[in-house]
Protein chains: 2
Amino acid sequence: MTPEQLAPIGEVLARLLSPHAEVVLHDSATDQIAAIWNPLSGRVPGDPSLLGELDELTATATDAYGPYPKVLPDGRRLSSVSAVLRDDTGEPKYVLCVNVDRTAFESASRLLAAFAAPISAQPKAFFEHDWTEKLNELVAGYVQERGVPVERLSRSDRLELLSRLDKAGVLSQRKSVPVVARALQVSRSALYQLLAEARKEPHADPA
Amino acid sequence: MTPEQLAPIGEVLARLLSPHAEVVLHDSATDQIAAIWNPLSGRVPGDPSLLGELDELTATATDAYGPYPKVLPDGRRLSSVSAVLRDDTGEPKYVLCVNVDRTAFESASRLLAAFAAPISAQPKAFFEHDWTEKLNELVAGYVQERGVPVERLSRSDRLELLSRLDKAGVLSQRKSVPVVARALQVSRSALYQLLAEARKEPHADPA
DNA sequence: TCCAAACTGGACGTAAAGTCCAAAAGATGA
DNA sequence: TCATCTTTTGGACTTTACGTCCAGTTTGGA
């Protein structure tokens, strides 16, 4: 379990709570900040952790702490939680802290009560109702794009096209496999082979 | 990196955001829920994850996804983020998801815009191609229409709702049956019985 | 309270979904 | 042209999801 492996967690939490929270990963060996996302406190990796009290932590039943209150030098109030992460031997290795700035919520909550307006949302039109239609469109589109009829598409063409179909969800439609195979003019076996390949190497679309 | 080692993170996040969020740890090997804290969705460990292609994930620059929108069967709207956790070899091993119930915030969307706004739908691709969304929308819509929660719908209500779901093509989506059954809160068997009935008597829409 | 209708969990047969392989068909280059 | 490498094919085979069925239990009304 390395900081790199844990990074997605920090990243994702920072995003979820942005801009009202910071996420800090402390290394308990060095007692320094190993990584930090969206720092509210202005700290950077390498800074001392100043959490010292790992001993306190080890006393408790669970490795989850908080939420408990904190205050920043500038007066902002925080809610904080901490998770102790242990290595395979059970030794504490990292401490992950999330600090949420409550000031925004507090002031908001005061103003909130008055406005209780419902929000109507537009259900989007999702997957094509008739997936064969979708299939046809995609195939036709591709063929036109290449100016080559299906039966003369190269292997890599088929790979690319199949990848698109897969991403469009056509293949997660019931009983679609044989139909798709016929559309691409390959055998069912070949389809699965191509599919395995297509899914391995995601043919990055320029998005 | 085991679920046990990661447990404190889940615990701590659930506490921090409680009662407005659930935290789910997916095992990408089995595509099942390894652990869940404060379940809003009623899922339990061992349930299928319904995460889509992990391959898609490998394509991206970062292992952090979201926030993106979701809807629960009961109509609550969620903000979700996901973090992909890899083992030493770089293989995806777990996916940690945090789902925050936004309904409380939505009524204050203006004030809390910063919190609720960054809902740029992006990783559409990686959660199973959105028939679950459709399912949720339809169920939520129906529930709202009747003003009765799912678990108290009458038989004929369920029949009607199921008919809609069927017409919307949800049931011709692979692996959807158990999910739909759970959404309607009936057993798989009962679902098939209802379905047979629904298909016999097309509950004529006035079209 | 009792009955009939409905639901449940599980067993079961079937049909797709996927995997695998040996042989055929195409490519490639000397 | 021949030898070799790659890809495709058809088919056998395993696994997974679908759909049916049934006995036992629950539920909602009369």
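For clarity, every value in this text was computed on a predicted model and none was experimentally measured. We name chains A, B, ... by the order of the sequence lines, and we start the count at 1 in each one.
Within the nucleic acid shown, A:S176 comes within 4.0 Å of sugar-phosphate atoms alone, with no base atom in reach, counting heavy atoms only. B:R188 comes within contact range of at least one nucleobase, with a heavy-atom separation under 4.0 Å.
Although no hydrogens or angles enter the test, the distance criterion places a donor-acceptor pair under 3.5 Å between the side chain of B:S187 and the main chain of B:A190. Side chain of B:R174 to backbone of A:L171: a donor-acceptor contact under 3.5 angstrom is found.
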Open item on the list: For a side chain to side chain contact (heavy atoms under 4.5 Å, CB included) check, start with the C-alpha distance between B:D166 and B:S163, then their side-chain angles and the critical distance, and finish with the verdict.
Closed with: CA-CA 5 Å; B:D166 189 24; B:S163 176; 5.6 Å; no
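Spacing between atom OH of B:Y192 and atom P of C:dT14 amounts to 16 Å, rounded to whole angstrom units. When rounded to the nearest whole Å, the span between CD of B:E197 and C1' of C:dA6 equals 10 Å. In this structure, A:E151 places its CD atom 18 Å from C1' of C:dA25, rounding to the nearest Å. The separation between A:Q193 atom CD and C:dA25 atom P is 17 Å, rounded to whole Å. Distance CG (B:D157) to P (C:dA6): 15 Å, rounded to an integer number of Å. Look at CZ on A:R155: it is 16 Å from C1' on C:dT28, rounded to the nearest Å. Between B:L184 atom CG and C:dT8 atom P there is a gap of 11 Å when expressed in whole angstrom units. In this structure, CZ of A:R152 is placed 15 Å from P of C:dG26, rounded to the nearest angstrom.
Of the residues near DNA chain C, A:K175 and B:A190, the one whose nearest nucleotide (by heavy atom distance) lies more toward the 5' end is B:A190. With the nearest nucleotide of DNA chain D identified for both A:V186 and A:R174, A:V186 has the one nearer the 5' end.
Bracketed by its first and final contacts, the part of DNA chain D lying under 4.0 Å from non-hydrogen atoms of chain A reaches from D:dT7 to D:dG19 in 5' to 3' order.
Looking at B:Y94 and B:H26, their side chains never come closer than 4.5 Å, going by heavy atoms from C-beta outward. You'll find the side chain of B:L25 stays beyond 4.5 Å of the side chain of B:I36, heavy atoms only.
For B:S189, taking side-chain heavy atoms from C-beta onward, the closest of the listed nucleotides C:dA6, C:dG18, C:dG9 is C:dG9.
Remark: B:T89 engages B:D87 in a side-chain hydrogen bond (donor to acceptor under 3.5 Å, both in side chains) (not counting sequence neighbours).
The residues A:R155 and A:E160 are annotated as not salt-bridged, no charged nitrogen and carboxylate oxygen being separated by less than 4.0 angstrom.
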